[in-house]
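For reference, the structure is listed below as C-alpha cells.
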Amino acid sequence: MEDAVNGSAAGGSGPIVVAGAGYAGLHVALRLTARLRNRPEIELTLVDRHDYHQAVTELPRVAAGTRAAGAVRIPLQDVLATRVRFARTEIGGFDLPGRRLLTGAGPIGWGRLVLALGSRPNDFAIPGLAQRTLSLYSASDAERVWAAVSTALTAAAAAAGPQQQRRLATVVVGGGGATGVELAGELAEVLPKAARGHGLAPDRPAVQLVEAGPAILAGSSPQLIGKATKILSDLGVGVRTNATIAAATADGLRLTDGRLVAGGVFVWAGGLKAPELVADSQLPTGHNGRVKVDQYLRVLDHPQIYAAGDVASVTDPRTGHVLPPLAQVALEEGETVARNLDTELNGRPLEAFTFHDKGFVVSVGTRRGVADIAGITTGGHLAHLLKDAIEWEYRQSVKHLRGWDSVAR
Ligand SMILES: Cc1cc2nc3c(=O)[nH]c(=O)nc-3n(C[C@H](O)[C@H](O)[C@H](O)COP(=O)(O)OP(=O)(O)OC[C@H]3O[C@@H](n4cnc5c(N)ncnc54)[C@H](O)[C@@H]3O)c2cc1C
C-alpha cells in the first residue's frame, strides 16, 4: 500500500488523483499515463479499496458458477505502468475546501480529482430487501450468490417432498434489467446439472425473474425484449412483469398485490444509486445521488473535479435523458475526462462529452443472447458470441493501453 499522497492542493496545479479503479477510473489512469508521458512532473495517483480491477460485466457468470471469481479480478499491478502511484485504501469522505480525499491511509491531496466510484445497489427502502437478498456488484458478491445456490441445492436434496425441494431450489431474481436477465438466464442453464451434482432431480430447481415494470429490459426495442423473453421462456425462467415487491420476508418476496414469490435464494438486481459517501457529500447530486456535471464532465460548481461512470449524472442532449449506468458509457466518459485533463494542462479549450452508442448486448444463458446494434436486432448464438467478443476486446484494451505506455517510455 502506498503512503498517503500529500501533494499540493492549491490552484490548478498539483497531483491528479483518480478515485476508483473501475471502468471509468482505470480508463482515465491508463489514458493519462500515455498522454502525460512527456510530463513526468505531474503526479498521477489512482485510489481504490482493492488492488484489482473487476470485470463487472462478467459477474453473472461467476454468480452461476461458470467462471471463477479470480478470473474477473484483474490485478492492477498487471495493467498499471510505474508512472501511476496506486493507493489501496478505503475512501471515507471529501475535504472539498482543502481539496483532499479522506482515506484510511490518510488525506490525499489533489490538484484535479476524478470521481469514479461507481454505484451501489438501491433497495428503494423496500422493507427487508437489504437484509434478505444478495446483490451482484462485485466478484465477492457473485461468489456469495453461487455459494448460496449450492447451499440451497444441498438443503433441497435433503428436504422431504418435491414441493419443499422445489421451493428451496428456486432462485428468485428481483429486477428485469440487463443484470437480472443475464443472471436468470445463466442460472437457468446451469441449475439442472448442478442439481444432479447435489443428488437432486434436475427438474427440481427453478428461476423466477420479478420485474416491477411492464417489460424486462426496459427502454429496449420491442423486438429485443421479445427475443430475450422467448429465450428465457425456453430456459424455463418464470418471468413476472408488473410485479412490484412490497417487502422481503422470511417466506419470500411479497408483492404489492399480496402474492408471494417463494424461493431458497433471493438476489436483488433492481436498481442502483451512488455510494453513500458521494450522496452525503456537499457535491451537487441529482437522481439516485449521482453527481451533476457540466458538458465537459466537471462537477457543477467544482471545476477542478471531474466525474465519470455510474457516479456521474450525465444528460444526453439528444434525448434529454440521463445516460444509463453502463460500462460502455463509463469508458467513453473516462476517455473525455482524460482528454480534458490533458487539454487543461496544455491550456487548450475543453471538449464537450458526446455519447456514441455502440449498441446493446445482453447474454441470456450460456450460449444465447440478444443484441440491438445500429438498429438491427439479433437473438441467439451470434449475440452471445458478440458479448464474449466485447469482453475479450475490453480485456485486450486494458493490456494494450499499458503496453502502449511501456513502449513509449
Ligand atoms: C452484474 C452486472 C453486469 C453488468 N453488465 C454490463 C454489460 O454487459 N455491459 C455494460 O455496458 N454494463 C454492464 N454493467 C454496468 C457496468 O458494470 C457499470 O456501469 C460499470 O462498472 C461502471 O463503471 P464505474 O467505473 O463507474 O464503476 P465501477 O466499475 O463499479 O468501479 C468503481 C470502483 O470504485 C471503487 N470504490 C468505490 N467506492 C470506494 C471507496 N469508498 N473507496 C475506495 N474505492 C472505492 C470500487 O472498488 C471500484 O473499483 C453491469 C453491471 C453489473 C452489476
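For this chain, numbers begin at 1 and follow the sequence in order. Computed from a predicted structure; not experimentally measured. Atoms within each ligand, like the ligands themselves, are counted from 1 in listed order.
- For atom 14 (N) of ligand 1, the nearest non-hydrogen atom of the protein is Thr57 CG2, 4.3 Å.
- Residue Val56 holds the heavy atom nearest to atom 52 (C) of ligand 1 of all those in Leu331, Leu101, Leu115, Val56.
- For atom 19 (O) of ligand 1, the nearest non-hydrogen atom of the protein is Asp310 OD1, 2.7 Å.
- Within the set Tyr137, Tyr23, Tyr52, the minimum heavy-atom distance to atom 29 (O) of ligand 1 is found for Tyr23.
- Thr343 contributes no side-chain N or O that, together with a main-chain N or O of Arg348, makes up a donor-acceptor pair within less than 3.5 Å.
- No side-chain donor-acceptor contact under 3.5 Å links Arg367 to the backbone of Gly380.
- Of all atoms in ligand 1, numbered sequentially from 1 with element shown, those under 4.0 Å from a heavy atom of Leu277 are 41 (N).
- At a threshold of 4.0 Å, the pair Arg395-Glu58 counts as salt-bridged, since one of the basic side-chain nitrogens sits closer than that to a carboxylate oxygen.
- Closest to atom 1 (C) of ligand 1 among all protein heavy atoms lies Thr179 CG2, 3.3 Å.
- Nearest residue to atom 42 (N) of ligand 1 from Asp141, Val28, Asp48, Ile91 is Ile91 (criterion: closest heavy atom).
- With a 4.0 Å cut-off on non-hydrogen atoms, Leu326 touches ligand 1 through its backbone as well as its side chain.
- At a heavy-atom distance under 4.0 Å, only side-chain atoms of Lys387, from C-beta outward, approach ligand 1.
- The main-chain N or O of Val56 is never found under 3.5 Å from a side-chain atom of Gln54 such that the two would form a donor-acceptor pair.
- Of all the heavy atoms of His50, the ones lying under 4.0 Å from any atom of ligand 1 belong exclusively to the side chain.
- Close contacts of ligand 1 with Gly309, meaning ligand atoms under 4.0 Å from a residue heavy atom, involve 26 (O).
- Counting atoms of ligand 1 from 1 in the listed order, those under 4.0 Å from a heavy atom of Pro325 are 15 (C), 19 (O).
- The option from Gly20, Ala116, Ala21 that lies nearest to atom 32 (C) of ligand 1, judged by heavy atoms, is Ala116.
- For atom 44 (N) of ligand 1, the closest non-hydrogen atom of the protein is Arg49 N, 3.1 Å.
- Shown in contact with Leu136 at under 4.0 Å from a heavy atom are these atoms of ligand 1, numbered in order with element: 1 (C), 53 (C).
- Between the side chain of Thr89 and the main chain of Gly104, a donor-acceptor pair closer than 3.5 Å is present.
- No donor-acceptor pair under 3.5 Å is formed between the side chain of Asn288 and the backbone N or O of Arg290.
- In this structure, the side chain of His384 engages the main chain of Gly365 through a donor-acceptor pair within 3.5 Å.
- Ala327 N, 3.0 Å is the protein heavy atom nearest to atom 11 (O) of ligand 1.
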